[in-house]
Each structure stands twice: as C-alpha cells, then as structure tokens.
Amino acid sequence: MKIKILLWILGFMAPGVFAQEKITVFFDFDQFLLTDAATSQLEAWALGAKDLQVLKIYGFCDWKGSNSYNDSLSVKRVNTVFSFLKSKNINVKKGYEIRGFGEDFDQSKIQSENRKVTILYDINKEVELQPALQDDGSLPLQEKIKIAKVGDKIKLRNINFFNMTPRILPKSKTLLYELLCALQDNPKLKIEIQGHICCQLGNNDINGLSSARAKVIYNFLIVNKINRNRLSYKGFGTTNPIYPIPEKSEKEEEENRRVEILILEN
C-alpha cells in the first residue's frame, strides 16, 4: 500500500502537473481531519505551490446523515484544508471563495468519491505572495473567532438578505455553517448577534428589520442545537453606522447594512 502511495506521489510531482487548475483530496467517512494519504498528496502539491494562487476551496459529503449535519461537516473539511494551506504559507487570494456543498451536488455512485475537498487555483508567476495568516478579509470566520478577545466585534461577511426582509439569501448558507462550526468547536464561546441597516435618517428601523435579521441567525443556531444561554441578539437600526447617513455611495450603504457578532466570552 505504501509503495502504491509513493508511486502515486512521484507521478503527481512529474513535470507539468502543476499546470492543472484544481486538486482534490478525499476524507474518511464522517471525518473532517486529513487522512495520511490526503496529507501526503497535499505535501507533494505544496512543493510546487510557490507560483500559484488559491481561488476557491469547496467541501463535499456523501448522502448519509441529515442535510444540516452534512453541510456542517463539509465546512469543517474546508477549514481543515485551509489550515493546511496556512501552515505551508500557500498564497490564498484576497476574498477567496469557500463553500460547503454538503450532499447537494451530483453524487458519484462510489460513496468514497463524494467525501472530498477541491482546491481551485491559478498559476501566476507574477503574483505577489501574501501570508495566509494575514486578516485581509479572506481569513475564515473560525480563524477570526479563535484569535478574537472579549469585546471584539466580527463582521459576518457575505451574509446577505432579500431586499427589506429578514430572509437570508441561499448563497449565505456557507457562512452560517462556519459560525455554527465555530460555536460547536468552542463550547466556551458566547456571542451577541447584532443587526444594522442603512439609508434611513434618524433612529428608524422599519418593521424592526435589523432585529429580525439578527434573530434569524440566532434561530438558525438554536435549531442546530447551540445552547440559547450562549447566544443573544439585538437590532441597532441606523444608530451605529460605519459611514454617516445619508451614505454617499452603494459601498457605504453595503458597509452600514451588516450583521456583526460581539464576543462575550471566548
């Protein structure tokens, strides 16, 4: 078996192999830690990773288990791979995309082929390398929470809602599961979920929208068995904007229209 793995690695390191744009590693059933074979595969890949830039990291599961459990597991697999990239100082593009597909993809009939993470990347010798640890907006939420202190606020990037409603857009699903994983992995963590809106002069909050949006995230965590004693939520309306209201641009509106978490205990 070891000979087969060694031959596979040597084949993987052959000249020109790094011209491909993706690499996939596989996981054991119901596990999110790297297997020995996956670690060897990534170690070999990292040897030629000086001139590439990671763009996306996607996680997948087989169909066994509930949708909620598989969504959470796929995100944990993504975070395991990201931690490996960070440890090897692999260049990860600012604003890179992560996504946990859970079991919601075209599954192979061979179940072991569905338990995987795929890294998508470009090769660009002119790209300026950035340390993976740098928090430039691309650091995973779990990593931010790990280093956060009591009293710190963390913006939940890419949490988006349908216009003037508390309904979360489907593309925000991955970040919700990142937050869930952070709470599952750190039982001491307690947070307050804070909602903010934009564009309204005065202390206005039509239909309590900022509070309703914070509560949606609160309810998601409760439904997924996070103890309510670790959670609270609050809507601030337009009372705590980043930019003065009325905003001068769509970017300022977007920055004001946000959900943050306040670290109460960590």
Side-chain angles (χ1 to χ4, degrees), residues 5 8-9 22-46 49 54-90 92 96-108 110-121 132-133 135 138-148 154 156-158 171-189 191 220-221 223-227 230 261 266:
I5 293 174
W8 186 92
I9 293 172
K22 71 177 180 180
I23 176 174
T24 298
V25 293
F26 297 92
F27 292 76
D28 287 337
F29 173 70
D30 199 31
Q31 299 295 316
F32 60 88
L33 298 179
L34 293 171
T35 64
D36 290 342
T39 300
S40 297
Q41 181 182 354
L42 288 174
E43 291 279 2
W45 173 74
V54 172
L55 307 176
K56 302 176 182 180
I57 309 174
Y58 291 157
F60 306 85
C61 290
D62 59 35
W63 56 266
K64 297 181 180 180
S66 67
N67 287 338
S68 176
Y69 181 83
N70 286 333
D71 287 338
S72 178
L73 180 59
S74 66
V75 170
K76 287 184 177 181
R77 287 173 174 170
V78 167
N79 287 328
T80 294
V81 171
F82 179 87
S83 294
F84 174 88
L85 300 179
K86 179 178 65 176
S87 71
K88 298 298 180 182
N89 289 321
I90 304 298
V92 179
Y96 82 106
E97 178 184 353
I98 73 170
R99 185 173 178 187
F101 286 87
E103 61 185 74
D104 297 326
F105 64 100
D106 187 14
Q107 295 232 344
S108 168
I110 302 173
Q111 287 300 316
S112 60
E113 294 180 354
N114 298 319
R115 303 188 286 265
K116 62 187 179 181
V117 165
T118 296
I119 303 170
L120 302 178
Y121 62 91
L133 276 173
D135 183 7
S138 66
L139 199 65
L141 179 61
Q142 284 183 273
E143 297 295 326
K144 293 179 185 179
I145 290 176
K146 281 182 182 179
I147 62 177
I154 301 174
L156 299 182
R157 295 179 179 274
N158 301 319
K171 67 180 182 180
S172 300
K173 179 180 178 182
T174 294
L175 190 62
L176 288 179
Y177 279 101
E178 278 197 81
L179 179 58
L180 174 62
C181 289
L183 286 156
Q184 290 172 333
D185 293 343
N186 184 359
K188 295 182 179 179
L189 178 63
I191 62 172
F220 167 82
L221 297 171
V223 167
N224 284 281
K225 300 182 180 180
I226 299 300
N227 191 316
R230 301 171 59 194
I261 58 171
N266 195 7

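Arg115 is linked by a side-chain hydrogen bond (donor to acceptor under 3.5 Å, both in side chains) to Asp62, counting only residues two or more places apart in sequence or in another chain. Residues forming a side-chain hydrogen bond (donor to acceptor under 3.5 Å, both in side chains) with Lys64 (at least two apart in sequence, or on another chain): none. Phe220 meets the ring-ring contact (aromatic ring centres under 6.0 Å, His included) test with Tyr177; sequence neighbours excluded. For the side-chain hydrogen bond (donor to acceptor under 3.5 Å, both in side chains) test, residues two or more places apart in sequence or in another chain that qualify with Asn227 are Asn229. Listed by chain and number, the residues in a side-chain contact (heavy atoms from CB on, under 4.5 Å) with Ser83 are Glu143 (sequence neighbours excluded).
Of all heavy-atom pairs spanning Val117 and Val78, the tightest one is CG2-N, 3.9 Å. Here the closest non-hydrogen pair linking Glu178 and Leu141 is OE1-N, 3.3 Å. For the residue pair Leu189 and Arg230, the shortest heavy atom distance occurs at O-NE, 2.9 Å. Of all non-hydrogen atoms in Asn70 and Gly65, the two that sit nearest each other are ND2-O, 3.5 Å.
No side-chain donor-acceptor contact under 3.5 Å links Glu113 to the backbone of Ser108. With Asn266 contributing its side chain and Ala148 its backbone, the two residues share a donor-acceptor pair below 3.5 Å. Judged by distance alone, with hydrogens and angles left aside, the side-chain atoms of Gln107 form a donor-acceptor pair with the main-chain N or O of Cys61 at under 3.5 Å.
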Taking distance alone, no hydrogens or angles, what donor-acceptor pairs closer than 3.5 Å link side-chain atoms of residues 23-34 to residues at least two apart or in another chain?
unit_1 : atom_1 : unit_2 : atom_2 : d
Thr24  : OG1    : Thr118 : OG1    : 2.9
Asp30  : OD1    : Tyr69  : OH     : 2.5

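Atom OH of Tyr58 and atom CG of Leu120 lie 6.0 Å apart (nearest 0.5 Å). Annotation: the span from Asp71 atom CG to Asp104 atom CG amounts to 6.0 Å, rounded to 0.5 Å. For the atom pair NZ (Lys225) and CG (Leu183), the distance works out to 15.5 Å, reported to the nearest 0.5 Å. Between Leu176 atom CG and Lys173 atom NZ the span is 10.0 Å, to the nearest 0.5 Å.
In this structure, Phe84 has its ring center no closer than 6.0 Å to that of Trp45.
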Inset, instruction - Walk me through it: do Leu42 and Ile119 pass the test side-chain contact (heavy atoms from CB on, under 4.5 Å)? - result: CA-CA 10 Å; Leu42 288 174; Ile119 303 170; 4.1 Å; yes
Legend entry - Evaluation steps, side-chain contact (heavy atoms from CB on, under 4.5 Å), between Thr80 and Arg77: CA-CA 5 Å; Thr80 294; Arg77 287 173 174 170; 5.6 Å; no
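Taking the six-membered ring where the residue is Trp, Phe60 and Phe101 present parallel rings, their angle staying beneath 30° rather than reaching 60°.
In this structure the side chain of Ile57 never reaches within 4.5 angstrom of the side chain of Asn79, judged on heavy atoms. A heavy-atom distance below 4.5 Å is not found between the side chains of Asn224 and Gln184. Contact check for Ile191 versus Ile145: no side-chain heavy atoms found under the 4.5 Å cut-off. Proximity of Glu43 to Lys88: side-chain heavy atoms (C-beta onward) are separated by under 4.5 Å at one or more points.
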